[in-house]
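Remember, it's 1-based here, ligands and their atoms both numbered in the order they're listed. Values below: all heavy atoms of this structure, side chains included; hydrogens, waters and symmetry mates excluded.
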Amino acid sequence: MCKRYLPVGVFDSGVGGISVLKTCADVLPYENFIYFGDTKNSPYGNLNEQKITELTFEAVGRLILSGVKAVVVACNTATATAINALRNKHKINIIGIEPAIKPACLYTPEGKILVMLTNAASTQPKFKSLVENCGVDKVSLLPLKDLAKLIENNIGNFSSLKSYIFEILYPYKNSEIKAVVLGCTHYLFVKDIIAEFFNGIRIFDGNMGVAQNLKNTLIRNNLINNSEGLGSIEFFSSEQTYEAVYKKLWQSIINKNN
Ligand code: DGL
């Protein structure tokens with residue numbers, strides 16, 4: 001089969017990457033996608049670097065074996081921890097996701113920005129250098145231990161997390177925060193709750209950056225699927241019962257946007 005008709009693999013520790021998948025499918029509607037979520041081992045954000053690297057290699061290896069033409073690592077934690085090692089090992093194009101700190105800083109030259117992310121991502125040099133480039137004093141970091149898992153456990157009922165989220169954000173009430181950066185793809189599913197807490201503040205995520213990067217990479221490598229007709233999307237999980245859960249969540253995202 002001509003390489004350009006092969007699917008794109010998208011990977012996250014769990015459901016978070018489905019928000020990235022949506023943006024990628026919007027930007028590249030003719031592409032076929034295979035999604036793999038490692039729900040069985042999530043959250044990655046509380047694991048050590050070696051374990052995150054090991055799991056990421058396993059998941060990406062699995063996608064490559066299934067015959068994808070490119071891989072999107074739709075997980076900030078896995079990207080910050082393992083993307084360099086992944087690219088050294090595999091020849092295939094691998095696209096990662098990074099918190100949109102730079103656009104948020106440019107948006108508010110005077111105000112501060114709040115970056116919400118996992119514990120593991122917050123300690124990675126790749127992430128620290130993003131913060132340093134923006135100015136350490138300008139960025140407030142909020143590493144969270146439980147939010148990704150709570151999102152994973154409350155699919156279909158994200159609004160139940162409102163009081164928990166309001167509580168963790170309480171210290172930032174009436175602060176100088178003028179923008180929020182979502183540094184974990186799971187948090188996209190509670191974006192509205194975060195926006196409500198901050199009275200409609202601007203919230204940044206890395207999803208469009210990833211989708212554009214994927215598109216440019218496919219064009220550059222002559223891998224764009226130019227067949228007409230919508231692409232297919234398949235869902236796989238290390239926790240088999242979650243495959244139906246991912247599909248249901250996907251359907252609800254599609255319905256919400258129609
Ligand atoms: N969705 C992942 C991210 O973007 C992390 C969630 C987890 O801790 O597994 O960082």
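Contact analysis puts Cys75 in contact with ligand 1, with a non-hydrogen atom separation below 4.0 angstrom.
Below 30°, between 30° and 60°, or above 60°: for Phe57 and His90 the angle between ring planes is between 30° and 60°, a tilted geometry.
Atoms of ligand 1 lying under 4.0 Å from at least one heavy atom of Pro43, given by number and element, are 7 (C), 8 (O), 9 (O). Of all atoms in ligand 1, listed by their number and element, those nearer than 4.0 Å to a heavy atom of Asp12 are 1 (N), 2 (C).
Across Lys138 and Pro109, no two heavy atoms sit closer than the pair NZ-O, 3.2 Å.
For atom 7 (C) of ligand 1, the closest non-hydrogen atom of the protein is Tyr44 N, 3.3 Å. Regarding atom 1 (N) of ligand 1, its nearest protein heavy-atom neighbour is His186 ND1, 2.7 Å. Among all protein heavy atoms, the one lying closest to atom 10 (O) of ligand 1 is Thr77 OG1, 2.6 Å.
Side chain of Tyr246 to main chain of Gly37: a donor-acceptor pair is present (N/O by atom type, distance under 3.5 Å, no hydrogens or angles).
Taking each of Asn76, Leu147, Asn41, Leu117 in turn, the one with a heavy atom nearest to atom 3 (C) of ligand 1 proves to be Asn76. Considering each of Ser13, Gly206, Gly45, the one bringing a non-hydrogen atom nearest atom 8 (O) of ligand 1 is Gly45.
No hydrogens or angles considered: nothing links the side chains of Asn213 and Asn216 as a donor-acceptor pair under 3.5 Å.
Looking at Ala148 against ligand 1, only its side chain comes within 4.0 Å, counting heavy atoms. When heavy-atom distances to ligand 1 are checked against a 4.0 Å cut-off, Thr118 comes that close only through its side chain, counted from C-beta outward.
Figure legend: Lys173 and Phe197 shown as a cation-pi pair, the cationic atom lying under 6.0 angstrom from the six-membered ring centre and within 45 degrees of its axis. Seen from the ring of Phe189, Lys191 does not count as a face-on cation partner, given the 6.0 Å and 45° thresholds.
In this structure, Ile92 and Lys69 have side chains that are not in contact, with every pair of non-hydrogen atoms separated by 4.5 Å or more.
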